[in-house]
Amino acid sequence: MPPRFFDQVYQIVSRLPRGKVVTYGQLALAVGNPRAARTVGWAMHRAPPERKLACHRVVSASGRLAPDHVFGGPEIQRSMLEEEGVTFLHDGRVNLDEHLWEIAPRSVRQIIP
DNA sequence: CGAATGACAATCT
DNA sequence: TAGATTGCCATTC
């Protein structure tokens, strides 16, 4: 009985296109738990490497990047995003107006209950 | 089974 | 405006 919640999060992230980002809250909402944004963050921390998820495209609701202890620092994550064409505001936050990905309903593949 | 964990988010001071 | 507090919840141990 695999963790359904995490799997749904991973599946959505795996469909996240280059040059786009999503927030933890968006992912939580997409899997049916609007208030589980924090749990989504934990899912990222525990993301299985074999899925090769673009977890650097997941940012906070205000466009801030992951804390210092991830990706070797926000500078690294930022450079990864910039290579995909993501732009940033002058205060160092992701330009969400330009690059926030709208999660399509079919991006969420339901798992047999 | 209860307590702990955590890459959040909204609110308060 | 920045820092601290509170609510939140699936997964771990």
Side-chain angles (χ1 to χ4, degrees):
Chain A
M1 179 179 170
R4 183 176 66 183
F5 186 93
F6 279 22
D7 279 340
Q8 292 193 359
V9 171
Y10 297 150
Q11 285 172 16
I12 295 174
V13 174
S14 69
R15 289 168 170 71
L16 219 175
R18 282 173 56 92
K20 291 292 180 180
V21 299
V22 287
T23 70
Y24 301 94
Q26 268 185 294
L27 290 170
L29 180 63
V31 299
N33 296 278
R35 304 178 186 161
R38 206 171 181 197
T39 308
V40 172
W42 207 36
M44 290 300 104
H45 181 90
R46 304 283 280 162
E50 62 268 22
R51 297 216 180 202
K52 296 171 180 148
L53 299 174
C55 39
H56 60 283
R57 301 185 191 139
V58 184
V59 301
S60 79
S62 54
R64 290 198 326 275
L65 303 180
D68 300 339
H69 57 84
V70 195
F71 299 120
E75 317 295 326
I76 307 299
Q77 184 179 5
R78 170 167 178 158
S79 61
M80 287 192 292
L81 290 171
E82 285 179 331
E83 282 193 34
E84 302 181 352
V86 176
T87 59
F88 288 74
L89 305 178
H90 70 286
D91 58 5
R93 302 183 314 163
V94 175
N95 187 342
L96 293 178
D97 288 338
E98 287 286 339
H99 303 105
L100 187 62
W101 184 49
E102 190 175 332
I103 300 177
R106 68 171 174 283
S107 295
V108 188
R109 179 166 303 170
Q110 295 299 334
I111 299 180
I112 294 91

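Nothing here was measured: the structure is a model prediction, and the numbers come from that model. Below, all heavy atoms of this structure are taken into account, side chains as well, without hydrogens, waters or symmetry copies. Note on naming: letters A, B, ... go to the chains in the order of the sequence lines (proteins, then strands), and numbering restarts at 1 for each one.
The residue A/F71 sits close to a base: some heavy atom pair falls under 4.0 Å.
A straight line from CG of A/L27 to P of B/dA7 spans 16 Å, rounded to a whole angstrom. For the pair A/H69 NE2 and B/dT5 C1', the interatomic distance rounds to 12 Å; values are reported in whole Å. What separates CZ of A/R4 from P of C/dC9 is a distance of 15 Å, to the nearest Å. Distance OH (A/Y24) to C1' (C/dC9): 16 Å, rounded to an integer number of Å. Here the P atom of nucleotide C/dC8 and the CG atom of A/L29 are 17 Å apart, to the nearest Å. Between A/Q8 atom CD and C/dC9 atom P there is a gap of 16 Å when expressed in whole angstrom units. Across the protein-nucleic acid pair, A/R64 atom CZ and B/dA10 atom P stand 11 Å apart, rounded to whole Å. One atom, CG of A/L65, and another, P of B/dC8, lie 12 Å apart when rounded to the nearest Å.
In this structure the side chain of A/L81 reaches within 4.5 angstrom of the side chain of A/H56, judged on heavy atoms. In this structure, A/Y10 and A/R15 have side chains that are not in contact, with every pair of non-hydrogen atoms separated by 4.5 Å or more. A/P74 has its side chain within reach of A/D68: a pair of non-hydrogen atoms, C-beta onward, lies under 4.5 Å apart. Counting heavy atoms from C-beta outward, A/F71 and A/C55 have side chains that approach closer than 4.5 Å. Proximity of A/T39 to A/N33: side-chain heavy atoms (C-beta onward) are nowhere separated by under 4.5 Å. Between A/L27 and A/I103 there is a side-chain heavy-atom pair separated by less than 4.5 Å.
When each of A/L16, A/L65, A/V59, A/V58 is paired with A/V21, the side-chain contact (heavy atoms from CB on, under 4.5 Å) condition holds for A/V59 and for no other.
In the region residues 72-98 of chain A, proximity to DNA chain B at under 4.0 angstrom, judged on heavy atoms, holds for none of the residues. Residues from residues 38-54 of chain A placing a heavy atom under 4.0 Å of any atom in DNA chain B, listed by number, are A/R38, A/T39, A/G41, A/W42, A/M44, A/H45.
A/R51 places no side-chain N or O within 3.5 Å of a backbone atom of A/S14 that could act as its donor or acceptor partner. The backbone N or O of A/T87 sits nowhere less than 3.5 Å from a side-chain atom of A/E98 that would complete a donor-acceptor pair.
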Between the protein and nucleotides 1-3 of chain C, which nitrogen or oxygen pairs come in under 3.5 angstrom?
none

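Taking the centre and axis of the six-membered ring of A/F88, the NZ or CZ atom of A/R78 falls inside the cone set by 45° and 6.0 Å.
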- Message: Walk me through whether A/H99 and A/E84 qualify under side-chain contact (heavy atoms from CB on, under 4.5 Å).
- Response: CA-CA 11 Å; A/H99 303 105; A/E84 302 181 352; over 6 Å; no
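Considering only side-chain atoms of A/R35, the nucleotide from C/dC8, B/dA7, B/dA9 that sits closest is C/dC8.
At C/dA10, one or more side-chain N or O atoms of A/N33 fall inside 4.0 Å of OP1 or OP2 (strictly under the cut-off).
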